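Below you'll find the structure, written out as structure tokens, and then a few comments.
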Amino acid sequence: MTSPPPAVPPPFASDEAIAAIGCGLLDRTLPKEAWTHAAHFAATFWLLRTRPGMDLPREMPDLIRAYNLALGGENTDTSGYHETITQASIRAARAILAEDPSRPLWATCDALMTSPFGRSDWLLTYWTRPVLFSVAARRGWCAPDIRDLPF
């Protein structure tokens, strides 16, 4: 009989860890290796909760572009900022946050990361690879071509 695989530790254990990601994005000090799939959602949750007056769908693109450039990256037709992924992720984060607005952010992020949206390829449930990774989807919003988002 084989033993079960070891449990994967949750990515965050405190709201302070979430705040560090969000602040690191804003002030462009977050190390590049820390800008993970989970960190993208952590920053989004933090901004949604702590900056309620921010128009995140409109302002997040410039935050990410500036962060990418500050760390020596580029925002091109093949790398860096991606509009469709960002906007879909903001929608997912809003939906998860709305499920339990009083839940600590770290628990919200961990809940998302253990859901289907926690997979880095979750968007391929809604978009075909050619559409999602097209220049048009990177530059602007492209609606899902497989099925509608659930939020």
Side-chain angles (χ1 to χ4, degrees), residues 4-76 79-127 129 131-133 137-144 146-151:
V8 176
F12 302 105
S14 70
D15 277 1
E16 290 77 17
I18 300 291
I21 298 289
C23 289
L25 170 65
L26 289 180
D27 65 18
R28 303 176 192 129
T29 59
L30 183 70
K32 185 177 184 176
E33 63 275 5
W35 191 228
T36 63
H37 178 64
H40 279 73
F41 276 112
T44 303
F45 286 132
W46 184 77
L47 290 166
L48 287 168
R49 171 90 44 94
T50 66
R51 305 288 198 280
M54 181 181 268
D55 182 354
L56 205 54
R58 187 178 57 76
E59 296 181 49
M60 185 67 116
D62 287 338
L63 292 175
I64 294 173
R65 286 184 193 106
Y67 172 79
N68 289 343
L69 293 174
L71 271 65
E74 296 180 333
N75 299 299
T76 70
S79 69
Y81 180 73
H82 192 295
E83 178 74 5
T84 299
I85 291 174
T86 298
Q87 297 303 325
S89 297
I90 291 170
R91 291 177 187 190
R94 276 189 206 271
I96 297 290
L97 195 58
E99 288 176 1
D100 186 354
S102 65
R103 180 170 48 188
L105 288 180
W106 68 268
T108 300
C109 194
D110 288 353
L112 180 136
M113 295 313 296
T114 59
S115 79
F117 304 110
R119 294 177 45 103
S120 59
D121 65 351
W122 74 272
L123 294 155
L124 295 175
T125 302
Y126 305 94
W127 283 268
R129 187 172 293 279
V131 170
L132 185 62
F133 294 106
R138 184 174 288 279
R139 289 184 180 174
W141 172 256
C142 283
I146 295 175
R147 65 179 177 187
D148 290 338
L149 290 171
F151 31 77

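Not measured: the values here are computed from a predicted model.
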Check your understanding: Is the backbone of L97 close enough, under 3.5 Å, to the side chain of T108 for a donor and an acceptor to pair up by distance?
Key -> no

Practice item. Measure the CH2-CG distance between W127 and L149 for me, rounded to the nearest 0.5 Å. Key: 4.0 Å

Review point. Using 30° and 60° as the class limits, which term best fits the ring planes of W122 and F151: parallel, tilted or perpendicular?
Key: tilted

Review point. Are F12 and P104 close enough that some pair of their side-chain heavy atoms sits under 4.5 Å apart?
Key: no

Study note, to complete from the structure: d(I21 CD1, T36 OG1) to nearest 0.5 Å is 6.5 Å

Practice item. Indicate yes or no: at least one non-hydrogen side-chain atom of C23 is less than 4.5 angstrom from one of L26. Key: no

Review point. Which side-chain hydrogen bond (donor to acceptor under 3.5 Å, both in side chains) pairs, counting each pair once, include a residue from residues 37-48, with sequence neighbours left out?
Key: W35-H40

Point to revise | Which atom of A38 lies closest to which atom of C109, heavy atoms considered | key: O-SG, 3.8 Å

Exercise for review: Please round to the nearest 0.5 Å and tell me the distance separating atom CG of L132 and atom CZ of R138.
Suggested key: 9.0 Å

Check your understanding: Rounded to the nearest 0.5 Å, how far does OG1 of T86 lie from CH2 of W141?
Key -> 10.5 Å

Check your understanding: Distance from L112 atom CG to F117 atom CZ, nearest 0.5 Å?
Key -> 7.5 Å

Point to revise | Check: N68 side chain, E74 main-chain N or O, donor-acceptor pair, under 3.5 Å | key: no

Check your understanding: Just wondering, do L123 and T84 contact through their side chains at under 4.5 Å, heavy atoms?
Key -> no

Check your understanding: R49 side chain to P101 main-chain N or O, any donor-acceptor pair under 3.5 Å?
Key -> yes

Exercise for review: Identify the heavy atoms of F133 and L124 that sit nearest to each other, and give their distance.
Suggested key: CE1-CD2, 4.3 Å

Review point. Cut-off 3.5 Å, side chains only: do S102 and D100 have a donor facing an acceptor?
Key: yes

Review point. If you look at every heavy atom in P61 and Q87, which pair is closest and at what distance?
Key: CG-NE2, 3.8 Å

Study note, to complete from the structure: When every non-hydrogen atom of L25 is compared with those of Y67, the smallest separation belongs to CD1-CB, 3.6 Å

Check your understanding: Within the distance-only criterion (no hydrogens, no angle test), does the side chain of N75 pair as donor or acceptor with the backbone N or O of Y81 below 3.5 angstrom?
Key -> yes

Check your understanding: Any side-chain heavy-atom pair from Y126 and V131 closer than 4.5 angstrom?
Key -> no

Review point. What are the two closest non-hydrogen atoms of A39 and A34, and how far apart are they?
Key: CB-O, 3.1 Å

Exercise for review: Taking the side chain as every heavy atom from C-beta outward, state whether E83 and C142 have any atom pair closer than 4.5 Å.
Suggested key: no

Revision key, fill the gap. When rounded to the nearest 0.5 Å, the distance separating CE of M113 from CZ of R119 is 11.0 Å

